Amino acid sequence: MRCDGTAAPRTPAGIGVNASIALILVQDGVTNGAIYALLSLALVLVFAVTRVIFIPQGEFVAYGALSMAAVTAGFLPPTMWLVVTLGIAVALVDSVAALREGAAARLPMIILKNAVLPVLALLAVRYLPLKTLAYPLQIAVALLFVVPLGPQIYRLAFQPVAEATVLLLLIVSVAVHFVLLGLGLYFFGAEGGRTPAFTDGGFNLGASYIQFQTLWIVGIAAVLIAGLALFFEHSIYGKALRATAINRTGARLMGISADLAGKLCFTLAALVGAFSGILIAPITTIYYDTGFLIGLKGFVGAIVGGLASYPLAAAGAILVGLLESYSSFYASAYKEVIVFTLIIPVLLWRSLTTHQVDDEEH
Amino acid sequence: MKPLILETQDLCVAYGRVEAIHKVSIRIREGEIVTVIGPNGAGKTTLLSALMGLLPARGDIRYQGQLSSGSTAVDKLVGKGLVLVPEKRELFGSMSVADNLLLGAFARHRRGLRDHAKTMDEVFAIFPRLAERRTQEAGTLSGGERQMLAMGRALMAKPTLLMLDEPSLGLAPLIVREIFRIVQQLKAMGVSILLVEQNARAALQVADYGYVLENGSVALENDARSLLDDPRVIESYLGLGGSHSIAA
């Protein structure tokens, strides 16, 4: 019944769903659905702006959860070495590009921002008493060494081929997924990680018991979604990302560089992914390869929204969560099959109802 | 003589092995309207794309005295006040008129210049129609309004050199007159303008200097007034007879 795919208790034959079981299933479905919704929004954003189908989204969930597990156990997140290494690589690549443009004056800033800053952050965090740190600070430390991977990966893997076809970008995306998966095993090992709940315990609501962590997940997911909506509706950077998704040429001509837009939305996607991982780590054990399946379910939600509509994607993701919890109750062996089969009628429905609309008549 | 704002020297642009622009040298001085006229397919849009850094080009492009050949990114040029209003307008269709305008100021915002509210009032003063439609989606505007929005959005970047690609294309005659009146008004406000047009007469009437582009090369150049009286231009572009080429 959980995100990680552990089987739910087998249904005793012949027993129907009574109200309390239904309530538990709904609670479970909505909790997971909230996480899928977050991921589906990030997937829609990344695709709309960069045309990348962001398969490694799930790895960010796992990295976030496992880094948090490391921090709460008093260790530095092992991904920090990756952040430092990629930072140096980005500094090198950007420096070469700047030299080619004859803009040597930008070199100090490039090196400072990409290579020196991560090292400084690493040194600063090294002397923190991680284990006894306040919980929000522990979250901040975990995010600090996962989220920068987003823009770094964009710079190194996607920016050089930004103008390529969707298919090529997808293949790069799959490659990045496998690399991160392998690195995840190297960094975190094969054992899973779990973190303490934000708040222990829960309360009884009628016949069912609700964990506080469930409320945290749904609540924070709602706040994050609202925050993203505010960002896209009211900030100039959010509007610039929307503009890039609507009309790339128009956005370029306004000085909104594709590189900037790409880095910005990969940062958001990494943040959303890592935060999702931190949210679910207290209720389920996360392994280095758990993220992929979670990300795929977010992807099913995103497909419901046609990789374009945010509200539909979020609704689709909640539907995926509910379908998952109900099918794990009724037919737990087929739960993943049922969830992923949802994609077929959705695609059929979309291809029958969607017609090509041009944003602009020429 | 006023200082040069943009100058190209033997500019060549090729799509694969086909050369669309061949050794084009043009100059635009501060505060001038310079027009490039010529038939369909002469390479006018290609020229603007190359100047904007959208297409790789050989030869020199000097903008404000600085060489910007090929490798300079579009956003850097926009940041320096070189702004293009493309033929296809390229508006953000599902966003409001006000948001389209705001994004015109994106490059300035990035450089820390937060004066977009004031600039937007200035744009509304030039295009009162846009003020009326500020909350409407750009995609729902009429053709003339779209062109006004595209120009207004470009003005939000406070351009030093504004490049207009076929601003009159597909518009009703009355609107075309309005657009050209605004072009002159912009000149009076100190904006230098590179105007690419098929409507040769209207373009030459507002311009200070003109180039005739044919088959990717400059066939003729002169003061706009002299071009209007030039029998070759009259026969090919201004007369009723239509478009024979000058070079042929």
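The structure displayed is predicted, hence computed values, not measured ones. So you know, we letter chains A, B, ... as the sequences are listed, proteins then strands, and number each from 1.
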- Message: Quick one: does any side-chain atom of A/Asn247 pair with a main-chain N or O of B/Leu91 as donor and acceptor, under 3.5 Å?
- Response: yes
- Atom CG in B/Asn100, atom CD1 in A/Ile246: separation rounded to 0.5 Å? 8.0 Å
- For B/Glu32, enumerate each residue passing the salt bridge (charged side-chain N to carboxylate O under 4.0 Å, His left out) test, keeping only those at least two apart in sequence or located in another chain. none
- Contacts of B/Glu30 meeting side-chain hydrogen bond (donor to acceptor under 3.5 Å, both in side chains) (sequence neighbours excluded), chain-then-number -> none
- Task: Compare every heavy atom of B/Phe106 with every heavy atom of A/Ala240, then report the nearest pair and how far apart it is.
- Result: CB-CE1, 3.6 Å
- Which residues from residues 253-261 of chain A are near chain B, with near meaning under 4.5 Å between non-hydrogen atoms? A/Leu253, A/Met254, A/Gly255, A/Ile256, A/Ser257, A/Leu260
- Could you tell me which residues satisfy side chain to side chain contact (heavy atoms under 4.5 Å, CB included) with B/Ser49, sequence neighbours excluded, listed by chain and number? B/Thr45, B/Leu54, B/Leu55
- Query: For the atom pair CE (B/Met95) and NZ (A/Lys239), what is the distance rounded to the nearest 0.5 Å?
  - Reply: 6.5 Å
- Message: For the CZ atom on B/Arg177, are there more than 12 heavy atoms of other groups (residues, nucleotides or ligands in this structure) within a distance under 6.0 Å?
- Response: no
- Query: If you count heavy-atom pairs under 4.5 Å with chain A, which of B/Met156, B/His116, B/Arg110, B/Arg108 comes out on top?
  - Reply: B/Arg110
